[in-house]
Enquirer: 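I'd like to ask some things about the structure below.
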There are 2 protein chains.
Amino acid sequence: MIHITIVEDSFDAREGFRYLLSLDSEVRIVGSFDRAETFIANKDVVDRTDIVLMDIELPGITGIEATRILSAMKPDMNILILTIFAEREKIVNAIQAGAKGYLLKNNDPRDLLSQIKSVHSGGSALSPLAARTLLEELYEKHEIRKEPADYHLTHREIEVCRLIVEGDTYREISDKLSMASATAKKHILNIYRKLDVNSRVTFMKKVFEENLLE
Amino acid sequence: MIHITIVEDSFDAREGFRYLLSLDSEVRIVGSFDRAETFIANKDVVDRTDIVLMDIELPGITGIEATRILSAMKPDMNILILTIFAEREKIVNAIQAGAKGYLLKNNDPRDLLSQIKSVHSGGSALSPLAARTLLEELYEKHEIRKEPADYHLTHREIEVCRLIVEGDTYREISDKLSMASATAKKHILNIYRKLDVNSRVTFMKKVFEENLLE
DNA sequence: GGGTATCTACACCAAATGGTGTAGCGTTTC
DNA sequence: GAAACGCTACACCATTTGGTGTAGATACCC
């Protein structure tokens, strides 16, 4: 039995869900709220809930904020965002808040039951549009993180870089790499010249901002 | 009319898809290959293809590599990965390569047509398991830029932090903030104590890794 | 009033850093 | 064989940095 709570400010929509879910004997509604605060305050219902159908636009705190709070309270609870909004920002924020699904209300309501079951068995449910948005987000993230500019650092210099980032001094670096500290220093100054920096701080800034290591 | 190409090394699977797709008059198969190289080399078919049903395990180059190549050749082509593999790495790589969907073969084959149409109209299609994997990936990525821990830095100390990050020395910081360089130094040492670091480098590392500024 | 916190300021010291030289040795490239 | 590059090593220098003191002024809280 899957225990479901509905958080939705429209009475009609709540009743619509109630009817839809009543068609399946595997699910049962354990709570129905018109605002998230009431649900969050009701610890009994929170504890008993497996899946939340959460609207985004609510009086009081938004569904996304509620998702954040509820995910922290009960990490194994699956929150399914149900909304008419397909904006990138809302979608990404909802997922970041811990939502396990993002469905647009204009989708066929008959699919909802199968999507609830997918989520209950460890999957996630995304409307095609939300899925595309997230895919693009992931695609861009990976795009950005690659192609670090090539400063033609030698193998040895890269080793030295890693140790600088660890906070090692000339001496510590030279000890770890079995060289004279003067050599470590020479390497570092060469690195600085290649990266066009002139201090540990500006070096670190460049490394992190341009993702030069890892 | 949606023009589809199938890349799948199993003859039976190809015929299965062919039959399934023949049930819908809106789609039409324009190509069918047992390996990706043949498809990629056939520019005519590539140009006519709207959607590719792509297997991952193929003789020769993998479906993921093929996806990367085809995405570059024809960016508006939608590639749908169809596979039995649900490993996180394959899923993420496929999306990174530009796939617009990732479906597991054990899903109901009757859903395939509706998912193809979703993808054709600008959406993406993900099996619940693949969706969950990607959500987790995105969630973790965003987790990294979580709420920065509060080290109780004072307002003045935060100003100093910003200047440290810019690479300023004690003297430069004190000049910009109109204080004695000894004071800037005092602030910095206090900051170090609060952040539990002991050098510019370890300070920078903490700032960037924990997203303390911005 | 007394305690706490913030911002300010200075002194002293050892260590690390940045900058510039020079130079030997081995490998790769032309 | 010469040139270029990479890795090594040392000298010398001024500056910066990390660390530890002390201490006055202000403000806020109990």
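Below, chains carry the letters A, B, ... as their sequence lines are ordered, and counting in each starts from 1. Just so we're clear, the structure is a prediction, and the values are computed from it rather than from any experiment. Values reported hereafter were calculated over all heavy atoms of this structure, with side chains retained and with hydrogens, waters and symmetry mates removed.
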Enquirer: Out of C/dG18, D/dA9, C/dC7, which nucleotide sits closest to the side chain of B/E157?
Expert: C/dC7

Enquirer: Please determine whether a side-chain nitrogen of the Lys or Arg among B/K43 and B/D47 lies less than 4.0 Å from a carboxylate oxygen of the Asp or Glu.
Expert: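 Counted as a salt bridge, because a side-chain N and a carboxylate O are separated by less than 4.0 Å.
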
Enquirer: What does A/R171 touch in the nucleic acid at a heavy-atom separation under 4.0 angstrom: a base, only the sugar-phosphate, or nothing?
Expert: nothing

Enquirer: With a 4.0 Å cut-off on heavy atoms, is B/A182 in touch with a base, just the backbone sugar-phosphate, or nothing at all?
Expert: base

Enquirer: When you measure from the centre of the six-membered ring of A/Y170, is the NZ or CZ of A/R200 closer than 6.0 Å and no more than 45° off the axis?
Expert: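 Yes, A/R200 sits over the ring of A/Y170.
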
Enquirer: Indicate whether OP1 or OP2 belonging to D/dC5 is found under 4.0 Å from a side-chain N or O atom of A/T154.
Expert: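 It does not, given that no N or O in the side chain of A/T154 lies less than 4.0 Å from OP1 or OP2 of D/dC5.
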
Enquirer: Is the cationic atom of A/K90 (NZ for Lys, CZ for Arg) positioned less than 6.0 Å from the six-membered ring centroid of A/F85 and within 45 degrees of its normal?
Expert: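 Satisfied, under 6.0 Å and within 45°.
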
Enquirer: Nearest whole angstrom, please: distance from the C1' of D/dC5 to the NZ of A/K186.
Expert: 14 Å

Enquirer: Just N and O in the side chain of B/Y170: are any of them under 4.0 Å from OP1 or OP2 of D/dT15?
Expert: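 The answer is no; no side-chain N or O of B/Y170 sits under 4.0 Å from OP1 or OP2.
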
Enquirer: A/M204 has an atom CE; how far is it from atom C1' of C/dT17, in whole Å?
Expert: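 My rounded result for the distance is 15 Å.
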
Enquirer: Quickly work out the A/L189 CG to D/dA14 C1' distance and round it to whole Å.
Expert: 14 Å

Enquirer: Looking only at side-chain N and O atoms, does B/R200 come under 4.0 Å of OP1 or OP2 in C/dA16?
Expert: no

Enquirer: Base, sugar-phosphate or nothing for B/T183? Non-hydrogen atoms, less than 4.0 Å.
Expert: base

Enquirer: Of B/K194 and B/V201, whose nearest nucleotide on DNA chain C comes first from the 5' end?
Expert: B/K194

Enquirer: Would you mind reading off the distance between A/M179 atom CE and D/dG6 atom C1', rounded to a whole angstrom?
Expert: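 After rounding, the reported distance stands at 12 Å.
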
Enquirer: Tell me: CD1 of B/I173 to P of C/dC7, nearest whole Å?
Expert: 15 Å

Enquirer: Between A/K194 and A/D196 (salt bridge meaning N to carboxylate O under 4.0 Å), is one present in this structure?
Expert: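 A salt bridge is absent here (no side-chain N lies under 4.0 Å from a carboxylate O).
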
Enquirer: Would you call B/K105 and B/E8 a salt bridge, using N to O less than 4.0 angstrom?
Expert: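 Salt bridge: yes.
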
Enquirer: Quickly work out the A/I188 CD1 to D/dT16 P distance and round it to whole Å.
Expert: 19 Å

Enquirer: With a cut-off of less than 4.0 Å, is there a side-chain N or O of B/Y192 near OP1 or OP2 of D/dG19?
Expert: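 Negative; the distance criterion is not met.
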
Enquirer: Measuring to OP1 and OP2 of D/dT8, would you say a side-chain N or O of A/H187 lies under 4.0 angstrom away?
Expert: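 So the side chain of A/H187 is within the cut-off, an N or O lying under 4.0 Å from OP1 or OP2 of D/dT8.
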
Enquirer: Identify which nucleotide among D/dT8, C/dG18, D/dT16 has an atom closest to any side-chain atom of A/R156, counting heavy atoms from C-beta outward.
Expert: D/dT8

Enquirer: Between atom NZ in A/K185 and atom P in C/dA15, what is the gap in whole Å?
Expert: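 Computing the A/K185:NZ to C/dA15:P distance gives 16 Å.
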
Enquirer: Rounded to whole angstroms, how far apart are CD1 on B/I158 and P on C/dT6?
Expert: 11 Å

